[in-house]
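Below: one structure, written as structure tokens.
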Amino acid sequence: MRTDEWLNETMYQIWEDHFSDIPRKNVVVIRFSKKSSRQLGAISWLRNKTKKIDKLIKDHGPADDPKVTLIVITSYFKDLAIPDYVVKGTIAHELCHYAHGFSSPLKQLYEHPHKGGVIRKEMLKRGLGDIYKESKIWLRANWRNYILASRKSW
Ligand SMILES: [Zn+2]
């Protein structure tokens, strides 16, 4: 099973490899949330800080912005049956929102987070085109059945 720690390491690897021009101006927390079949990932401002997050903020050192960004990923993606590139594609999607100034201290670049294919364009520009395409293909081919099967097995 994938863990929150895996998510964190993977996010920072993607950041380093593909978003190194995007400053990390605040603390960004990523974790698995509930099992959602429709919303695979989401980015928001963190409202309630836990002790664990207080510690993260302390370890992070002084940030330019004290607000914390929270990225959540559906808990279905803990399952290793979901390919890495699908999870990475979802994390990268949320990092594009961060780069565009949504739920981040950066300047907001667009009026709407998705209109005009801005995520796809951003992913292509950043060398994430393969991950973008492959994950879309995998989800289109498998996601429905995966969800149906996982519900049956309960
Ligand atoms: Zn989005």
Side-chain angles (χ1 to χ4, degrees), residues 1-20 22 24 26-56 59-60 67-104 106 109-154:
M1 294 277 263
R2 297 185 180 98
T3 61
D4 283 350
E5 204 167 286
W6 182 90
L7 276 183
N8 197 45
E9 280 166 20
T10 305
M11 175 178 74
Y12 283 118
Q13 197 58 55
I14 296 170
W15 205 316
E16 222 175 284
D17 294 343
H18 300 278
F19 292 84
S20 56
I22 301 299
R24 200 184 306 159
N26 66 335
V27 173
V28 179
V29 174
I30 185 165
R31 64 179 178 223
F32 286 111
S33 63
K34 58 190 189 326
K35 275 195 163 177
S36 166
S37 61
R38 286 169 181 273
Q39 193 167 34
L40 307 181
I43 187 167
S44 63
W45 290 112
L46 181 75
R47 279 156 210 263
N48 302 308
K49 286 180 190 165
T50 60
K51 275 189 184 158
K52 203 173 141 195
I53 284 161
D54 276 337
K55 191 182 173 303
L56 269 174
D59 293 348
H60 180 274
K67 282 196 281 183
V68 175
T69 297
L70 174 67
I71 295 176
V72 291
I73 302 293
T74 177
S75 280
Y76 281 117
F77 285 2
K78 287 180 181 174
D79 187 351
L80 293 169
I82 313 298
D84 270 1
Y85 59 80
V86 172
V87 189
K88 286 179 180 170
T90 304
I91 297 171
H93 176 115
E94 303 310 329
L95 289 182
C96 288
H97 286 317
Y98 186 92
H100 293 166
F102 292 100
S103 305
S104 91
L106 303 176
L109 299 183
Y110 304 101
E111 210 179 312
H112 187 277
H114 295 111
K115 259 182 204 159
V118 292
I119 299 291
R120 188 182 62 87
K121 284 175 197 161
E122 193 68 43
M123 298 269 275
L124 293 185
K125 195 177 89 185
R126 294 185 173 278
L128 290 158
D130 286 347
I131 280 184
Y132 180 85
K133 273 180 230 151
E134 294 300 312
S135 66
K136 263 209 157 24
I137 289 167
W138 190 91
L139 287 167
R140 208 174 292 145
N142 301 290
W143 191 239
R144 244 181 82 89
N145 286 337
Y146 176 85
I147 294 298
L148 287 175
S150 76
R151 281 180 185 156
K152 251 176 234 161
S153 69
W154 290 344

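Quick caveat, the model's predicted, so the values are computed rather than measured. All residue numbers refer to positions in the sequence shown, counting from 1.
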Practice problem: Enter the distance from Leu70:CG to Arg47:CZ here, rounded to the nearest 0.5 Å. | Solution: 10.5 Å

Quiz prompt | Side chains of Tyr98 and Ile71 in contact at under 4.5 Å (non-hydrogen atoms) | solution = no

Self-check item: Side-chain donor or acceptor of Lys121 paired with backbone N/O of Gly116 under 3.5 Å
Solution: yes

Quiz item: Taking the side chain from Trp15 and the backbone from Ile22, do they hold a donor-acceptor pair closer than 3.5 Å?
Solution: yes

Practice problem: Calculate, to the nearest 0.5 Å, the distance between atoms CD1 and CD belonging to Ile91 and Glu94 respectively. | Solution: 9.5 Å

Quiz item: Which pair of non-hydrogen atoms, one from Ala92 and one from Ile14, has the smallest distance, and what is that distance?
Solution: CB-CG2, 4.3 Å

Quiz prompt | Flag side-chain contact, heavy atom, 4.5 Å: Tyr12 against Val28 | solution = yes

Self-check item: Step-by-step side-chain contact (heavy atoms from CB on, under 4.5 Å) determination, Arg140 to Lys136
Solution: CA-CA 6 Å; Arg140 208 174 292 145; Lys136 263 209 157 24; 3.9 Å; yes

Quiz item: Between CG of Leu124 and CG of Asp130, what distance do you get to the nearest 0.5 Å?
Solution: 9.5 Å

Quiz item: Which of these passes side chain to side chain contact (heavy atoms under 4.5 Å, CB included) with Leu128: Glu122, Met123, Arg120?
Solution: Met123

Quiz item: How far apart are the closest heavy atoms of Ser75 and Lys35, and which atoms are they?
Solution: CB-CG, 3.8 Å

Quiz item: Would you say the side-chain atoms of Thr69 pair up with the backbone N or O of Ser103, donor to acceptor, closer than 3.5 Å?
Solution: yes

Quiz item: Are Pro83 and Glu134 side-chain neighbours, meaning at least one heavy-atom pair lies under 4.5 Å?
Solution: no

Quiz prompt | Side chain proximity check, Val68 to Trp45, heavy atoms < 4.5 angstrom | solution = no

Quiz item: Are the side chain of Ser36 and the backbone of Thr74 linked by a donor-acceptor contact shorter than 3.5 Å?
Solution: no

Quiz prompt | Audit row: Ile73, Leu7, side-chain contact (heavy atoms from CB on, under 4.5 Å) steps and yes/no | solution = CA-CA 9 Å; Ile73 302 293; Leu7 276 183; 4.1 Å; yes

Exercise. For the pair His97 (side chain) and Phe102 (backbone), establish whether a donor and an acceptor sit closer than 3.5 Å, ignoring hydrogens and angles.
Key: no

Exercise. Specify the closest pair of heavy atoms between Val118 and His100, including all atoms of both residues, with the distance to one decimal.
Key: O-CE1, 3.7 Å

Practice problem: Check each of Leu40, Thr90, Val86, Asp84 against Ser135 using the side chain to side chain contact (heavy atoms under 4.5 Å, CB included) test, and report the only one that passes. | Solution: Val86

Quiz item: Taking side chain as C-beta onward, heavy atoms only, is Phe19 less than 4.5 Å from Cys96?
Solution: yes

Practice problem: Using the six-membered ring wherever Trp is involved, compare the ring planes of His93 and His114 and label them parallel, tilted or perpendicular (cut-offs 30° and 60°). | Solution: tilted

Quiz prompt | Residues, nucleotides or ligands: over 12 heavy atoms within 6.0 Å of Asp4 CG | solution = yes

Practice problem: Find out whether Ile137 and Tyr85 are in side-chain contact, i.e. whether some heavy atom of one side chain is under 4.5 Å from a heavy atom of the other. | Solution: no

Quiz item: What about Tyr76 and Trp143, are their ring centers closer than 6.0 Å?
Solution: yes

Quiz item: Is there a side-chain contact between Leu80 and Arg2 (heavy atoms, below 4.5 Å)?
Solution: yes

Practice problem: Drop me the distance from Lys125's NZ to His18's NE2, to the nearest 0.5 angstrom. | Solution: 14.0 Å

Quiz prompt | Heavy-atom check, side chain of Val72 versus side chain of Lys34, under 4.5 Å | solution = no

Self-check item: Smallest separation among heavy atoms of Ile147 and Ser37, with atom names
Solution: CD1-CB, 3.6 Å

Quiz item: At what distance, to the nearest 0.5 angstrom, does NZ of Lys67 lie from OG of Ser104?
Solution: 9.5 Å

Exercise. With side-chain contact (heavy atoms from CB on, under 4.5 Å) as the test, would you mind laying out the steps for Leu95 and Ile43 before giving the verdict?
Key: CA-CA 9 Å; Leu95 289 182; Ile43 187 167; over 6 Å; no

Exercise. To the nearest 0.5 angstrom, please state how far the CH2 atom of Trp6 sits from the CG atom of Asn8.
Key: 11.5 Å

